[in-house]
Amino acid sequence: MKKLHAYIELTKPRLTSMVIFTTWLGFALAVPTSGVRPLFNLGSDPRRLFHTLLGSWLVAAGAAALNQYMERDLDALMRRTQMRPLPQRRLKASHALIFGVVLSLIGVLELAIFVNLLTSALSLFTLLSYLLCYTPLKTRTSLCTLVGAIPGAVPPMMGWTAVRNSLAPQAWILFGILFLWQLPHFLAIAWMYREDYARAGFPMLPVIDPQGASTARMILLYTVVLIPVTLMPARMGVAGLSYFFGALALGAAFLTCGAFTALHRTALNARRLLMASVIYLPTLLTWMAWNKAA
């Protein structure tokens with residue numbers, strides 16, 4: 001049972017659950033309306049949704065396991081990660097490597113066989129960019145946050161392509177929303193754990209900017225730019241007018257949290273911004289799907 005729990009930890013359940021949620025919302029938005037609320041409209045083939053979510057979870061879980069394999073020595077230096085299975089030696093590193101590779105390969109094949117090649121290709125891009133670009137850059141540059149936000153923004157596109165088999169402008173808008181949201185979210189985490197990141201040699205922006213002025217500017221920039229991007233689904237006919245006003249209100253609230261954190265740069269306010277971001281994104285995306293335009 002302890003081994004099973006350790007393998008579950010390797011999949012980073014909270015992270016992968018967000019991947020599944022955003023993939024599902026992309027799928028729901030892409031399904032043509034048929035008099036059914038978008039959140040409950042599975043289209044003509046609910047099996048496609050099942051295979052989309054299963055394949056997406058497998059790839060995300062495999063990537064999480066491989067990331068922990070690659071960073072096992074650095075994780076041992078950080079308080080927030082030193083209790084993970086590999087630093088604690090609850091699993092052999094070789095077993096984690098095999099586990100991650102198997103999950104990833106099965107996920108990519110699952111999507112290729114049961115969904116479509118475009119969605120599978122996106123999952124492979126996500127996997128490789130996360131492991132071969134973002135993970136190595138974390139010890140080299142603070143720009144790794146921007147790079148890491150790219151694979152993190154692909155899941156809703158995968159949900160969209162699973163239905164439409166094309167990268168329409170609407171799919172890119174979903175990408176843009178996820179991309180921009182991640183930046184204040186991750187900067188809040190980096191501010192909270194900047195001493196941990198410094199100890200492990202990660203040059204995150206709050207580490208190389210100890211006064212927090214640059215971090216504050218970036219938080220404000222991304223929360224401001226996020227607002228017009230979240231309004232675009234209404235302008236493009238993806239969501240209705242009620243979504244427009246809901247997104248505007250949510251964006252203003254999120255911006256307020258970001259501005260307060262930028263002005264009062266403390267770990268407590270960074271945590272509040274983190275919690276606001278966790279509430280903001282699911283609320284926004286659920287409201288978008290619920291108010292999907294006909």
Side-chain angles (χ1 to χ4, degrees), residues 9-10 12 14-16 18-19 60 63-84 86-87 126-154 175-226 254-255 257-278 280-281:
E9 282 187 68
L10 277 183
K12 296 185 180 178
R14 284 186 294 181
L15 177 62
T16 51
M18 182 62 78
V19 169
L66 292 171
N67 170 260
Q68 290 179 72
Y69 167 79
M70 295 171 68
E71 295 186 337
R72 61 193 184 281
D73 294 331
L74 296 173
D75 282 348
L77 302 175
M78 300 173 61
R79 291 190 181 94
R80 67 182 290 261
T81 57
Q82 63 186 7
M83 298 305 293
R84 286 177 175 174
L86 295 182
T126 301
L127 177 72
L128 295 179
S129 60
Y130 182 70
L131 296 176
L132 302 183
C133 297
Y134 170 63
T135 299
L137 285 175
K138 285 172 70 176
T139 57
R140 291 172 170 81
T141 174
S142 62
L143 295 177
C144 66
T145 304
L146 287 169
V147 176
I150 295 173
V154 173
F175 173 89
I177 292 172
L178 264 290
F179 178 84
L180 290 168
W181 167 83
Q182 288 176 88
L183 299 172
H185 174 83
F186 286 137
L187 286 173
I189 294 174
W191 182 265
M192 289 165 55
Y193 298 105
R194 62 190 185 280
E195 293 180 359
D196 245 5
Y197 283 121
R199 188 179 300 111
F202 291 124
M204 300 299 182
L205 185 57
V207 173
I208 63 175
D209 172 40
Q211 299 303 313
S214 295
T215 304
R217 286 194 296 270
M218 291 300 100
I219 288 173
L220 280 174
L221 173 64
Y222 297 131
T223 50
V224 167
V225 175
L226 181 61
F254 192 36
L255 174 58
C257 291
F260 189 82
T261 302
L263 290 172
H264 307 282
R265 300 187 286 272
T266 66
L268 177 60
N269 288 332
R271 184 176 295 278
R272 287 171 176 164
L273 177 60
L274 174 64
M275 295 306 300
S277 71
V278 171
Y280 168 83
L281 184 69

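Every value quoted in this text rests on a predicted model; they were computed, and no experiment measured them.
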Can you tell me if [atom1] on [X] sees more than 12 non-hydrogen neighbours from other groups inside 6.0 Å?
| X | atom1 | answer |
| --- | --- | --- |
| Arg80 | CZ | yes |
| Arg271 | CZ | no |
| Glu195 | CD | no |

Inset, instruction - Over 60° means perpendicular and under 30° means parallel, so classify the ring planes of Phe202 and Tyr197, tilted if in between. - result: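 Ring orientation, 0 to 90° scale: perpendicular.
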Inset, instruction - Just say parallel, tilted or perpendicular for the rings of Phe175 and Phe179, cut-offs at 30° and 60°. - result: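 Rings of Phe175 and Phe179: parallel, under 30°.
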[X] side-chain N/O to [Y] backbone N/O, donor-acceptor pair under 3.5 Å:
| X | Y | value |
| --- | --- | --- |
| Thr135 | Leu132 | no |
| Asn67 | Glu71 | no |
| Arg272 | Cys257 | no |
| Thr141 | Lys138 | no |
| Asp196 | Arg79 | yes |
| Trp181 | Leu226 | no |

Taking all non-hydrogen atoms of both residues into account, name the closest pair between [X] and [Y] and its distance.
| X | Y | value |
| --- | --- | --- |
| Pro136 | Thr139 | O-OG1, 3.2 Å |
| Gln82 | Pro87 | O-CB, 3.4 Å |
| Met204 | Ser142 | C-CB, 4.0 Å |
| Ala270 | Ala188 | O-CB, 3.4 Å |
| Gly152 | Leu178 | O-CD1, 4.2 Å |
| Cys133 | Val147 | CB-CG1, 4.0 Å |

Legend entry - Residues forming a side chain to side chain donor-acceptor pair (under 3.5 Å) with Thr266, sequence neighbours excluded: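 Counting only residues at least two positions away or on another chain, Thr266 forms a side chain to side chain donor-acceptor pair (under 3.5 Å) with Asn269.
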Legend entry - Pairing of Arg72 and Asp75 as salt bridge, 4.0 angstrom limit: no
Legend entry - Non-neighbouring partners of Tyr69 that pass ring-ring contact (aromatic ring centres under 6.0 Å, His included), sequence neighbours left out: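 Partners of Tyr69 under the ring-ring contact (aromatic ring centres under 6.0 Å, His included) test: none.
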